[in-house]
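First comes the structure, then the notes that go with it.
Side-chain atoms are counted along with the backbone in the values below, which use heavy atoms only and exclude waters and symmetry mates.
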Amino acid sequence: MDIGVISVRYARALLKCSMEDGLEDKVYQDMQTLAKSYIEVPELKLTIDNPMIAKDSKKALLMAAVGDERTKLTTNFISLVLKEDRESVMQFMANSYITLYRKQKNVIRGKLTTATEVTSEMEQKMRQMVESNTNGTVEFETEVNPDIVGGFILEYDTYRMDTSVRTRLNSILKQLVV
């Protein structure tokens with residue numbers, strides 16, 4: 001069976017159970033933490049995929065990767081995945097849950113890149129602008145990149161607004177070269 005099909009089926013089941021228990025937001029946080037752990041610690045996937053490692057050790061490792069504040073549902077889910085020998089697709093399950101949750105709750109990811117640190121008021125204004133345009137909730141990420149010189153770059157969904165000085169200067173340079 002396809003890894004994508006398996007991971008989505010498990011993620012759907014987890015989302016359904018979490019919604020029935022009113023824990024979908026907490027499980028979402030758990031899955032975000034787990035997905036982030038897989039990215040930040042590449043050895044995690046290698047260790048979980050290793051057939052020589054005992055299930056108890058894998059469970060302890062996955063529990064640590066999720067964090068101490070995990071829900072009981074997440075703990076039970078990890079146990080089920082291990083019992084069914086599906087631990088090799090755990091990372092995909094976590095990412096599938098995140099995707100399904102965002103779709104279910106109409107959560108849009110947004111990113112604001114600026115040359116200098118922005119105030120919380122400015123970040124809030126940008127978030128409100130995106131939320132009013134999308135009619136959804138926005139998970140906003142900010143990044144400081146001095147290379148853009150000034151202005152900002154706002155990205156969400158498939159939308160990109162680039163008012164950076166670097167982009168304007170490059171545009172003027174292209175016009176002068178032609």
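- Using modelled atom types, one side-chain atom of Thr134 and one backbone atom of Val130 make a donor-acceptor pair closer than 3.5 Å.
- Applying the salt bridge (Lys or Arg N to Asp or Glu O under 4.0 Å) test to pairs two or more places apart or on separate chains, those with a residue in residues 162-178 are Arg160-Asp162.
- A pairwise comparison of heavy atoms in Ser164 and Ile153 identifies CB-CG1, 4.2 Å as the closest pair.
- Of all non-hydrogen atoms in Ser18 and Val27, the two that sit nearest each other are CB-CG2, 3.9 Å.
- Evaluation of the salt bridge (Lys or Arg N to Asp or Glu O under 4.0 Å) test over residues 89-100, restricted to residues two or more places apart or in two chains, returns none.
- Checking side-chain atoms of Asn50 against main-chain N and O of Met52 turns up a donor-acceptor pair under 3.5 Å.
- Lys111 contributes no side-chain N or O that, together with a main-chain N or O of Phe140, makes up a donor-acceptor pair within less than 3.5 Å.
- Here the CE-CD1 distance, from Met31 to Ile98, works out to 8.0 Å after rounding to the nearest 0.5 Å.
- One hydrophobic cluster holds both Leu14 and Tyr38 under the rule that ILVMFWY side chains link at heavy-atom gaps under 4.5 Å.
- In this structure, Asn95 contributes its side chain and Gln91 its backbone to a donor-acceptor pair below 3.5 Å.
- The salt bridge (Lys or Arg N to Asp or Glu O under 4.0 Å) analysis of residues 117-129, with sequence neighbours excluded, yields the pairs Glu123-Arg127.
- Here Val89 pairs with Ile3, Ile6, Arg86, Phe92, Met93 under the side-chain contact (heavy atoms from CB on, under 4.5 Å) rule; sequence neighbours left out.
- One distance of note links CD of Glu24 with CG of Leu15; it measures 7.5 Å at 0.5 Å rounding.
- Under the 4.5 Å side-chain heavy-atom criterion for grouping Ile, Leu, Val, Met, Phe, Trp and Tyr, Val118 is not connected to Val149 through any hydrophobic cluster.
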Working for side chain to side chain contact (heavy atoms under 4.5 Å, CB included), residues Thr114 and Asn145: CA-CA 6 Å; Thr114 56; Asn145 181 354; over 6 Å; no
Go through Phe152 and Met126 one step at a time and tell me if the side chain to side chain contact (heavy atoms under 4.5 Å, CB included) criterion holds. CA-CA 11 Å; Phe152 64 88; Met126 295 299 257; 3.4 Å; yes
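- Partners of Ser57 according to the side-chain contact (heavy atoms from CB on, under 4.5 Å) rule, which considers only residues two or more places apart in sequence or in another chain, are Ile53, Ala54.
- Side-chain contact between Gln128 and Val138 is absent, with no heavy-atom pair separated by less than 4.5 Å.
- Side chains of Arg12 and Tyr97: a donor-acceptor N/O pair is absent below 3.5 angstrom, by distance only.
- Separation of atoms CG (Leu173) and CD (Gln175) is listed at 10.0 Å; rounding is to 0.5 Å.
- Residues Asp85 and Lys55 have side chains in contact (heavy-atom distance under 4.5 Å, counting atoms from C-beta outward).
- Closest heavy-atom contact between Val144 and Ala115: CG1-O, 3.5 Å.
- Tracing side-chain contacts under 4.5 Å through hydrophobic residues (I, L, V, M, F, W, Y), one reaches Ile78 starting from Leu80; they form part of the same cluster.
- The two residues Ser7 and Ser96 make their nearest non-hydrogen contact at OG-OG, 3.4 Å.
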Can I get a per-line list of side-chain donor-acceptor pairs under 3.5 Å for residues 62-73, giving both atom names and the distance, sequence neighbours left out?
from, atom 1, to, atom 2, distance (Å)
Arg70, NE, Thr75, OG1, 3.2
Arg70, NH1, Met63, O, 3.2
Arg70, NH1, Gly67, O, 2.7
Thr71, OG1, Asp30, OD2, 3.3
Thr71, OG1, Thr74, N, 3.0
Thr71, OG1, Thr74, OG1, 2.9

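- Put simply, the side chain of Lys45 does not reach to within 4.5 Å of the side chain of Met90, judged on heavy atoms.
- If you take CG on Asn133 and CG on Asp157, they are separated by 11.0 Å, rounding to the nearest 0.5 Å.
- At a threshold of 4.0 Å, the pair Glu87-Lys59 does not count as salt-bridged, since none of the basic side-chain nitrogens sits closer than that to a carboxylate oxygen.
- The OG1 atom of Thr116 sits 8.5 Å away from the CD1 atom of Ile148 when rounded to the nearest 0.5 Å.
- Judged by distance alone, with hydrogens and angles left aside, the side-chain atoms of Lys105 form no donor-acceptor pair with the main-chain N or O of Thr137 at under 3.5 Å.
- Leu34 and Val107 fall within a single hydrophobic cluster, where Ile, Leu, Val, Met, Phe, Trp and Tyr side chains are chained together by heavy-atom contacts under 4.5 Å.
- In summary, the side chains of Glu155 and Tyr159 do not present any donor paired with an acceptor at a separation below 3.5 Å, with no hydrogens or angles considered.
- Note that CD of Glu131 and OH of Tyr156 are 11.0 Å apart. Values are rounded to the nearest 0.5 Å.
- Within 6.0 Å of CE in Met122 there are 12 or fewer heavy atoms belonging to other residues, nucleotides or ligands.
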